*Asks:* 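Submitted below is the structure of interest, expressed as structure tokens.
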Amino acid sequence: QIQLTESGGRTVKTGNTLSLSCTASGRTALGYAMGWFRRAPGKAREFVASINWNADKTEYADSVKGRFLISLDSAKNMGNLVMYNLKPEDTATYFCAAAFHISSAWAPTNEGTFEFWGQGTQVTVSS
């Protein structure tokens, strides 16, 4: 079993930068890909970014491409999502997720691929 814990969410102003972290614990000996998703009020959860377990391939949603940066340090069992130039539409609860038993070259974007999820951390961007 794997436990994921997000941290770093808070209220910031438009244009600011915020870094979220996701710490994995438990049976993490196997390599895993990590993803970030978000759910805005009244909307379905959506893909934000993902990274493969070798940390050499990333995927981003079009809405965050060029503004968000995902990273993964498997040795430390920690992933990060740095969000630059935040906008009010980035306001959401952000979830990290881990996918095991997949190709090391794959950075999945479908939430169904991810087996373990954190509880989420709230990010609010004020205008």
Side-chain angles (χ1 to χ4, degrees):
Q1 194 71 12
I2 303 298
Q3 295 79 40
L4 300 174
T5 304
E6 305 94 338
S7 61
R10 60 185 178 92
T11 298
V12 297
K13 293 185 177 180
T14 298
N16 280 15
T17 297
L18 188 64
S19 179
L20 303 181
S21 295
C22 177
T23 302
S25 60
R27 301 180 65 180
T28 59
L30 294 176
Y32 54 91
M34 181 169 282
W36 287 91
F37 293 76
R38 66 186 182 187
R39 181 188 291 126
K43 295 187 177 181
R45 188 161 59 187
E46 65 176 4
F47 169 76
V48 175
S50 64
I51 188 167
N52 69 328
W53 107 40
N54 285 340
D56 59 4
K57 181 175 174 57
T58 58
E59 296 284 353
Y60 294 93
D62 289 342
S63 58
V64 307
K65 199 170 294 184
R67 298 191 299 121
F68 288 16
L69 181 67
I70 188 172
S71 62
L72 175 63
D73 187 335
S74 296
K76 296 181 178 178
N77 285 317
M78 179 175 288
N80 286 287
L81 182 70
V82 182
M83 304 181 291
Y84 300 94
N85 189 24
L86 282 161
K87 304 175 180 180
E89 51 263 43
D90 294 317
T91 294
T93 301
Y94 284 72
F95 302 87
C96 69
F100 291 77
H101 310 113
I102 63 172
S103 167
S104 62
W106 188 20
T109 61
N110 187 325
E111 66 175 77
T113 304
F114 293 89
E115 302 148 277
F116 300 98
W117 293 81
Q119 293 299 307
T121 186
Q122 178 65 37
V123 173
T124 302
V125 184
S126 62
S127 55

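Keep in mind it's a predicted model, so treat the numbers as computed, not measured.
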*Asks:* When hydrophobic residues are tied together by side-chain contacts of less than 4.5 Å, even through go-betweens, does V82 share a cluster with L4?
*Replies:* yes
*Asks:* Output all residues satisfying ring-ring contact (aromatic ring centres under 6.0 Å, His included) with Y60, sequence neighbours left out; order by chain, then residue number.
*Replies:* none
*Asks:* Would you indicate whether the side-chain heavy atoms of I102 and P108 approach each other to under 4.5 Å?
*Replies:* yes
*Asks:* Of all heavy-atom pairs between N52 and A107, which one has the smallest distance, and what is that distance?
*Replies:* N-CB, 3.8 Å
*Asks:* Is there a donor-acceptor contact under 3.5 Å linking the side chains of Y32 and N77?
*Replies:* yes
*Asks:* Report yes if the side chains of L86 and T17 come closer than 4.5 Å at any heavy-atom pair, otherwise no.
*Replies:* no
*Asks:* Within this structure, what is the CH2-CH2 distance for the pair W106 and W53, rounded to the nearest 0.5 Å?
*Replies:* 13.0 Å
*Asks:* Report the distance from atom CZ of F95 to atom CD of E6, rounding to the nearest 0.5 Å.
*Replies:* 7.5 Å
*Asks:* Would you please name every residue forming a salt bridge (charged side-chain N to carboxylate O under 4.0 Å, His left out) with K13, sequence neighbours left out?
*Replies:* none
*Asks:* Report yes or no: do V125 and W36 belong to one cluster of Ile/Leu/Val/Met/Phe/Trp/Tyr joined by side chain heavy-atom distances under 4.5 Å?
*Replies:* yes
*Asks:* I'd like to check S19 versus M83 (side-chain heavy atoms, cut-off strictly below 4.5 Å). Are they in contact?
*Replies:* no
*Asks:* In the structure I gave you, are the side-chain heavy atoms of L81 and V48 within less than 4.5 Å of one another anywhere?
*Replies:* yes
*Asks:* Using 30° and 60° as the class limits, which term best fits the ring planes of F37 and W117: parallel, tilted or perpendicular?
*Replies:* tilted
*Asks:* According to a hydrophobic-cluster definition based on side-chain heavy atoms being under 4.5 Å apart (Ile, Leu, Val, Met, Phe, Trp, Tyr only), do L72 and L69 belong together?
*Replies:* yes
*Asks:* Hey, could you give me each pair passing side-chain hydrogen bond (donor to acceptor under 3.5 Å, both in side chains) that has a residue in residues 78-101? Not counting sequence neighbours.
*Replies:* S21-N80, R38-D90, R38-Y94, R67-D90, T93-Q122, H101-E115
*Asks:* Looking at R39 and E46, is there a salt bridge between them, counting it only when a charged N and a carboxylate O are closer than 4.0 Å?
*Replies:* no
*Asks:* Do M78 and M34 sit in the same hydrophobic cluster, where Ile, Leu, Val, Met, Phe, Trp and Tyr count as joined when their side-chain heavy atoms come under 4.5 Å apart?
*Replies:* no
*Asks:* Kindly say whether I2 contributes a backbone atom to a donor-acceptor pair with the side chain of S25 at under 3.5 angstrom?
*Replies:* no
*Asks:* Should I70 and F114 be regarded as members of a common hydrophobic cluster, given that ILVMFWY residues are connected when their side-chain heavy atoms come within less than 4.5 Å of each other, either directly or indirectly?
*Replies:* no
*Asks:* Hey, are the side chains of F47 and T109 touching, using non-hydrogen atoms and a 4.5 Å cut-off?
*Replies:* yes
*Asks:* Do L18 and R10 touch side chain to side chain, with heavy atoms closer than 4.5 Å?
*Replies:* yes
*Asks:* Do the side chain of N54 and the main chain of D56 share a donor and acceptor less than 3.5 angstrom apart?
*Replies:* no
*Asks:* Less than 4.5 Å apart, side chain to side chain, heavy atoms only: is that true for S7 and T23?
*Replies:* no
